Visitor: 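Got a structure for you, questions after.
Since we're looking at a predicted model, the values are computed, not measured.
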Amino acid sequence: MQDEYCEWSVTRLADGRISRVTFTCEGPEYWQFLAATDPAKVLDLYRGHIDPAVQPNDLLTSAGTYNPRNKWNSGTSKGAMHLIQQNNTLGAEIELAAGASNTRAPKGVLLTNDQDLIQCGAYGQAERHSDPTIGGGVNLLARTDANISLANPVGIYFAGLNTAGWASPDGTQPALFWKITRGTAEKAVRAVFEVPADRGYLVSDVTINGKPIKFGGQISDFISMKLTGVAMNIGKSAHPPIAGCKSRAAKTAGLTKIDVASTLRRPATPPDTRIRAFLAAALRRNGGSRDPSRRRMGALMPRWPIPVGGWTSTRFGTSDLTLLRDAPRRPKRQTFTYTRGMYYLESLGYSTSTYTQG
């Protein structure tokens, strides 16, 4: 599945060649709130960025609320308006940074290694490349005895595309085909990689280290992301390190923490009722099996805006992420980069409408 706070959709011609790849790093919480306050704006944005054919009901659940995993935002071909993978949320980012802001010294030894910190602090997912990197950078700021926070507006943004080793048929720099389409140059949340029509060739004709682009994940491996942390009172805000480690508690996906209805003082369906309805539907969909985790869920999940029980979409691939830290009155910016290539998963033929456990 597409992870690491970057997801994408691939537009192909009838012969399978790629004409455009669209990337997003925008969390779902903004869209849930916008849909509850200005649904017409959501529809307008979908039509402008995804397809003019988007209809209002396409974006709603059977209960009439916004569905983050609607048909225009749940696969790898129709579009990607915002993030949907259960770990790719604004809430997860904030929780990650907050957890990493504690310095820890179990057995009297101050932890400084990224993996040691995430294991002891129990924030994020240690097996990801982004979470340990983000946590390590935030904790480094914390170890300077400073007051730290995330820069406003809080979010993870595209920092750029590194096209070293890339080549196009006519010698044009492939970096010119990368366009920011939502956000600003400094805080980009949506980008498109597309060759202009007058060039006479497609994205599939561009090569990366001699290999033609066949999957969106090949591009994502060269995308840098950034999270900006700010610090003040450096050296003046000392807090003793926590002596022990934190135990991990089971929890549901970040989307379950969003309660737009309560924020707007509107009535909401009780969560327990929704979960019971979900399990009942899962039981029916799985032919009476009492263990839905043993069988595929088909297209069941898009009918619920809240993932329940660890079900996640099979969007495939990964991305790079760079943590960008910046402290006021401190001109030096330090960048931490990681990479992981798994674009080949897109070639395995999995159905993007299938949901699997984990």
Visitor: For the pair Y5 and D131, evaluate side chain to side chain contact (heavy atoms under 4.5 Å, CB included) and give the outcome as yes or no after the intermediate values.
Guide: CA-CA 10 Å; Y5 307 104; D131 292 358; 3.1 Å; yes
Visitor: Say you draw a straight line from NE2 of H49 to OG1 of T22; how long is it, rounded to the nearest 0.5 Å?
Guide: 10.5 Å
Visitor: Are any non-hydrogen side-chain atoms of L161 and W166 less than 4.5 angstrom apart?
Guide: yes
Visitor: Is a donor from one side chain sitting under 3.5 angstrom from an acceptor on the other, for S237 and N147?
Guide: yes
Visitor: Considering all heavy atoms of both residues, which atom of G155 and which atom of L227 are nearest to each other, and what is their separation?
Guide: O-CD1, 3.8 Å
Visitor: Can you confirm whether L202 sits close enough to I18 that some side-chain heavy atom of one is under 4.5 Å from a side-chain heavy atom of the other?
Guide: no
Visitor: Nearest 0.5 Å, please: how far is CG in L117 from CZ in R104?
Guide: 9.0 Å
Visitor: State, without any angle test, whether D51 and W72 hold a side-chain donor-acceptor pair at a distance under 3.5 Å.
Guide: no
Visitor: I need the minimum non-hydrogen distance between Y157 and C25, along with the two atoms involved.
Guide: CA-SG, 3.8 Å
Visitor: Under a 4.5 Å cut-off applied to non-hydrogen side-chain atoms, are T103 and L110 in contact?
Guide: yes
Visitor: Could you give all pairs that pass the salt bridge (Lys or Arg N to Asp or Glu O under 4.0 Å) test and reach residues 153-175, with sequence neighbours left out?
Guide: D170-R199
Visitor: Quick one: pull up CG in N70 and CE in M81 and give me the separation to the nearest 0.5 Å.
Guide: 10.5 Å
Visitor: Under 2.5 Å between the SG atoms: is that true for C245 and C120?
Guide: yes
Visitor: Would you mind checking if K187 and E26 are paired as a salt bridge, meaning a charged N to carboxylate O distance below 4.0 Å?
Guide: no
Visitor: With a 4.5 Å cut-off on side-chain heavy atoms, are T89 and L83 touching?
Guide: no
Visitor: Do W31 and Y46 have side chains that approach each other closer than 4.5 Å (heavy atoms only, starting at C-beta)?
Guide: yes
Visitor: Using modelled atom types only, decide if a donor and an acceptor are shared between the side chain of N139 and the backbone of A100 within a distance under 3.5 Å.
Guide: yes
Visitor: Under 3.5 Å, is there a donor-acceptor pair between the side chain of T37 and the main chain of F33?
Guide: yes
Visitor: Between CG of N88 and NE2 of H82, what distance do you get to the nearest 0.5 Å?
Guide: 12.0 Å
Visitor: Quick test of your reading of the model: are E194 and K179 salt-bridged, counting only N-O distances below 4.0 Å?
Guide: no
Visitor: If every non-hydrogen atom of S9 is compared with every non-hydrogen atom of G79, which pair is closest and at what distance?
Guide: OG-N, 3.1 Å
Visitor: Please report the shortest heavy-atom distance between L150 and E93, naming the atom on each side.
Guide: CD1-OE2, 3.8 Å
Visitor: Apply side chain to side chain contact (heavy atoms under 4.5 Å, CB included) to I94 and V154, showing your working.
Guide: CA-CA 8 Å; I94 294 173; V154 175; 4.0 Å; yes
Visitor: Mark yes or no for whether N113, through its side chain, and D116, through its backbone, hold a donor-acceptor pair below 3.5 Å.
Guide: yes
Visitor: Under a single-linkage definition using a 4.5 Å side-chain heavy-atom cutoff for Ile, Leu, Val, Met, Phe, Trp and Tyr, are I242 and L111 assigned to the same hydrophobic cluster?
Guide: no
Visitor: Could you tell me which non-hydrogen atom of A167 sits nearest to which non-hydrogen atom of P174, and how far apart they are?
Guide: N-CG, 4.0 Å
Visitor: Taking salt bridge (Lys or Arg N to Asp or Glu O under 4.0 Å) as the definition, give me every residue that meets it alongside D198, ordered by chain and number, with sequence neighbours left out.
Guide: none
Visitor: Run the numbers on R20 and V203 for side chain to side chain contact (heavy atoms under 4.5 Å, CB included), then give the verdict.
Guide: CA-CA 7 Å; R20 179 174 68 250; V203 172; 5.6 Å; no
Visitor: Compare all side-chain heavy atoms of L60 with those of N67 and state whether any distance is below 4.5 angstrom.
Guide: no
Visitor: In Å, rounded to the nearest 0.5 Å, how long is the span from NZ of K71 to CG of N57?
Guide: 10.0 Å
Visitor: Hydrophobic cluster membership, with links at side-chain heavy-atom distances under 4.5 Å among I/L/V/M/F/W/Y: are F177 and V192 in one?
Guide: no
Visitor: Start with the C-alpha gap between V230 and I148, add the side-chain angles, then the distance that decides, and say whether side chain to side chain contact (heavy atoms under 4.5 Å, CB included) holds.
Guide: CA-CA 6 Å; V230 294; I148 61 177; over 6 Å; no
Visitor: At their closest point, which heavy atom of L34 faces which heavy atom of K41, and how far apart are they?
Guide: CD2-CG, 4.1 Å
Visitor: Is there side-chain contact between E95 and Y123, with heavy atoms separated by less than 4.5 Å?
Guide: no
Visitor: Taking E7 for the side chain and A80 for the main chain, is one N or O donor matched with an acceptor at less than 3.5 Å?
Guide: no
Visitor: Would a 4.5 Å heavy-atom cut-off, applied to side chains only, mark S168 and Y201 as touching?
Guide: yes
Visitor: Would you check if there is a donor-acceptor pair between the side chains of R69 and N73 at a distance under 3.5 Å?
Guide: no
Visitor: Kindly compute the distance separating CD (Q85) from SG (C6), expressed to the nearest 0.5 Å.
Guide: 12.0 Å
Visitor: Taking Q55 for the side chain and A53 for the main chain, is one N or O donor matched with an acceptor at less than 3.5 Å?
Guide: yes
Visitor: Is there any ring pair (Phe, Tyr, Trp, His ring centres under 6.0 Å) pair reaching into residues 100-119, and which pairs are they, with sequence neighbours excluded?
Guide: none
